[in-house]
Amino acid sequence: MPSEALTQPTAPAAPPLELERLRSAVKSRLFQKTQEPLRIGRFRVLRCIGQGGMGMVFAARDDELQRTVAIKLLRPELSAARLTDEAKALARLSHPNVVGIYDVGEHEDQRFIAMEYVDGCTLGTWLRGGRSLHEILEVFIAAGRGLAAAHNVGLVHRDFKPDNVLVGRDGRPRILDFGLARPPDRPLPGALIVVPSLPEGCDAEETALTRNGMLLGTPAYMAPEQHLGEPADARSDQFSFAVALYEAVYGSRPFRGDDIRTLSLAIVRGTLQRPATPRVEVPPWLDAVLHRALRVSPDSRFSTIDALLEVLVKHLGESMPATPHRPEPVLGYDDTLSLEEVRDVAAQVGLGEADARVALGKQAALMPRPSPSGVLLSPAGQHFRMDTAASSSIELTHRPSRNTMVLMAHELEIAEARRGKGHTQFIGESLAWTSPNLELRVLPKANGATILLVSDLTRALKRRLRVTLALTSFGGFMLFAAIAESLDPSGSDGRFIVAFLVILISEVLLGWRLARALHRQHLAQEQARIDHYNHRLAALAEAERTGPHEGLGYVPSQSK
Amino acid sequence: MISDERSDVDLFGAWVAGDGEAGELLFERHFEAIARFFRNKVDRGHDDLIQKTFLGCVEARSRFRGDASFRTFLFAVARNVLGKHYRSARRSPIEFREVSIHDLGASPSVVYARDQQQLVMLSALRRIPLEYQIVLELHYWEAMTGAAIAEVLGVPLGTAKTRIRRAKQLLAAEYEELVSGGSTVQATETRLDTWARSLRKELFSSEST
C-alpha cells in the first residue's frame, strides 16, 4: 500500500503559561535575578509540582488568606467545557479524605482549579516505604471513606489509583481528581487529541485511555465495564479500589498483561494472577474481600464501598499490631532479605543479629532459608540469595578411557595454573579434579559420560562484599558523625542509637547491592569461561574416539 | 531597553566577558528554540536541561570559533547535554545513531498535538534513533540548512546530508507502521468505541471455543 505524502512535522506548542514559567525559572537561575512572580488569578505561583493527564499542577500562595494552595491548570481543550454538575457537587463536598476545592477560575483561556495543598506524597510512593498490613488497611479504609462520601452525593471517580491519592505528613489520605474527567455529552468542536504518552519505564499499565481528548481512566485499574465502554458507577470505583489494595498487600497487580490489549482481556475475563510471594501475610478474610470486589460483574461485588469497608474495619483489630514507631528509612531498603541474609549482613558489620533486625524493621516471622547442603559439588550454590556457582555440563556419546580422563584433568590444570593447583583422584570409575575455585567431574555412563564443570565464586563474593560493605559502612559512619553534631545526645539516647543503626544498615545494604551487581557480572563472565573449557574437554574426548587408540598425538594447550 | 542589533557572536563574547545583560538578550533570542529541542525528547527536568545548555556554552567557549554561527554551537551543546542526561540515567554512553527516545523508555509526557496526524508524527519521531530525530527536528522546526546541521553534529557536510536523507526514510517507515496499526501505541490512540467493540468480539470468540 503506497504511503500518503508525508507532510512536514510541525513543532508541538507548549501552553503559554508553561513556556512563560519555564523561561522565568531558567532565566532567574542563569542571571540571578528575581523575576516578577507569575500569577494565576489572585494566587502567586511558587513552583510546578507535577504534571497530570489533565494539566499542570502548581504550588501557589494565596496572599490574602495566607495559605498555600495547589493550582491545577487545565489544558485549553478541557477548559472549554461547562463546569459539570459533578464538579460543583465536589466543590460542596468537605471531607477529610477528599482533597478540598477552594476556587475555580480562568487564566488566559485556561481554566484553573484551586485546591487544598497536601504536603506529602502519593499513595504509590507511600506504599513503597515498606508498610505493615495494619498500616495499609488503615490508610485504605480512610481513603475508602472518602470515596464513600463522594458516592453518597452522587459522584463517581472513574480513575481511582494510588497516584490519585495523596498521603499527607499526618498520614491522612486524600483523594484527588474526582469526577473532573467526565467526557462531555457531545464531542467538543475541534477538540484536540490529548494523549499522555507512555511515562518512563512503566509502559502499557500506566497509560490513560482517552476518547475525544477526555481521560477515561488508567487501564490497569479500570473495571471490566469501563474497558468495554459501558458507563461506570460507584461499583467501578470499588473495583479500582480493590486493585490498588490488592497491589498494596500482594506486591503485584491482580491482572497483568504485556500490552494494553492483553491486560484488558485479563480484566474483562476476570483472570486473576496470584503472585508467588505476597509482600505481607495476607489473611483469608482479606483475600475473600478482594476477590469479591474484583468480580467481573458489578452485581457480584459489594453493594457499596461502605459494605466493603465494614468488613475491613471489623477485622482491623485482628491484623498484626502496628510496628513500633521507627524513623523513616533513609533509603528504601530491600525488605525481602531472609533470616540467613540478615545474619550474614549483621556478621559482616559486626552487629548483633538482633540489632540488625531491629534496624531493618523485621518482624519475628522471617522465613528461614535452608542453607545449601555441603556437597563436593553444589551446582545450585547460593549465598546471600545470589547464585554463586556457574556450572556447565556436556554429555558425551563415547565413554572416555582412564587415560583420556587424566589428560582432561591435566589440560584443565594447565589452563588454571595461574589460579591454583588442583588435585586429581578417581572415585570409582569417575574422575574428580578439584582446585580452590573450580571442580571437574567426569562421570562415565553406559554409553557415554557426563563432563561437569563447576566454578564456585563464593569466596570471591565474600571478599567483594567485605570490601564494598566496609566502604559503605565507613560512609555511614561519616554520615552519622555529621548528623550526630545536631542531635542532643543527652535527651534522646534511644533515638540516637536507632538512627545510627538505620543509617548504618542502609549504607550496608547499599554496599550489598553494589556487590551484588558486580558479582552478577563476574558470574556471567565465569559462566562463559567454563562453557568454553567444557567444550575443549569434550573435543578432547572426541579426539580419542576418532584418533588412534594409543597415543593421541595431542599436545597440551598453553595456559591462557 | 533599546532593541539590540548586536550579533549573537558579539553578545556571546560580551556575556562571557561578564556582561549579564548581553547574556540575557542572547538567552531571550534562543530560549524557545532550545525549549523546543528538549520538548519531544525528555519528559521532565526541562528547566535543568535548558539551564545546563546555556551554561554549557559559557563553559565550552574555548571551543567556539568566532566565525561559526552561535546557534549551531548552542544546539551542539544541547545535544551533548541530552546525551549526558541519558547517559547518567543508564550509566553507559548513548549510541545516538542506534537508540531512540522510545527505546530509552522515556517519553515526553503530555505532548500537545494539534490533531491526530501531528500526534502520530511526534510519536514516530521518538521512535527513530536519537541522532535522526535531532536531525529532522532541526531541519523542520528550526529550518536549519545541511551545513548548519553538519556543524551541530560535528560531521562533514556530505555526511550530514546523508543523515538527513536516511532520517526521512526512517521517519516515513515509522509513521507508516504507526498509521497502519502495527504497534501498541496505536491502541491508546484509537477511539474507545472501536477498542471496546473489538475487545468484546475477542471475548466472545474465545468463549465459544
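All figures in this text were calculated on a predicted structure; none of them were measured in a lab. Proteins get letters first, then strands, A, B, ... in listed order; numbering begins at 1 in each.
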(message) If I measure from the heavy atoms of chain A, does B:E32 come under 4.5 Å with its side chain, its backbone, both, or neither?
(response)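 The answer is the side chain of B:E32.
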(request) Measure distances from B:L136 to the heavy atoms of chain A and classify the residue's part below 4.5 Å as side chain, backbone, both or neither. (result)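 Neither part, no heavy atoms under 4.5 Å.
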(message) Any heavy-atom pair between the side chains of B:R39 and A:L19 that's under 4.5 Å?
(response)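 Counting from C-beta outward, A:L19 and B:R39 do come under 4.5 Å.
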(message) For a quick test of reading the model, state the closest non-hydrogen atom pair linking B:D48 to A:R29 and the distance between them.
(response)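 Between these two residues, the closest heavy atoms are OD1-NH1, 3.6 Å.
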(request) Could you pull out the closest heavy-atom pair between A:K27 and B:F27, with the gap in Å? (result)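 Here A:K27 and B:F27 meet closest at CB-CE2, 3.7 Å.
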(request) Measure the spacing between CZ of A:R21 and CG of B:D47 and express it to the nearest 0.5 Å. (result)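 If I round to the nearest 0.5 Å, the distance is 5.0 Å.
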(message) If I take atom CH2 from residue B:W15 and atom CZ from residue A:F31, how far apart are they, to the nearest 0.5 angstrom?
(response)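 CZ of A:F31 is found 4.5 Å from CH2 of B:W15.
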(request) Assess whether atom CZ of B:R63 is packed by more than 12 heavy atoms of other residues, nucleotides or ligands within 6.0 Å. (result)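 12 or below, so no.
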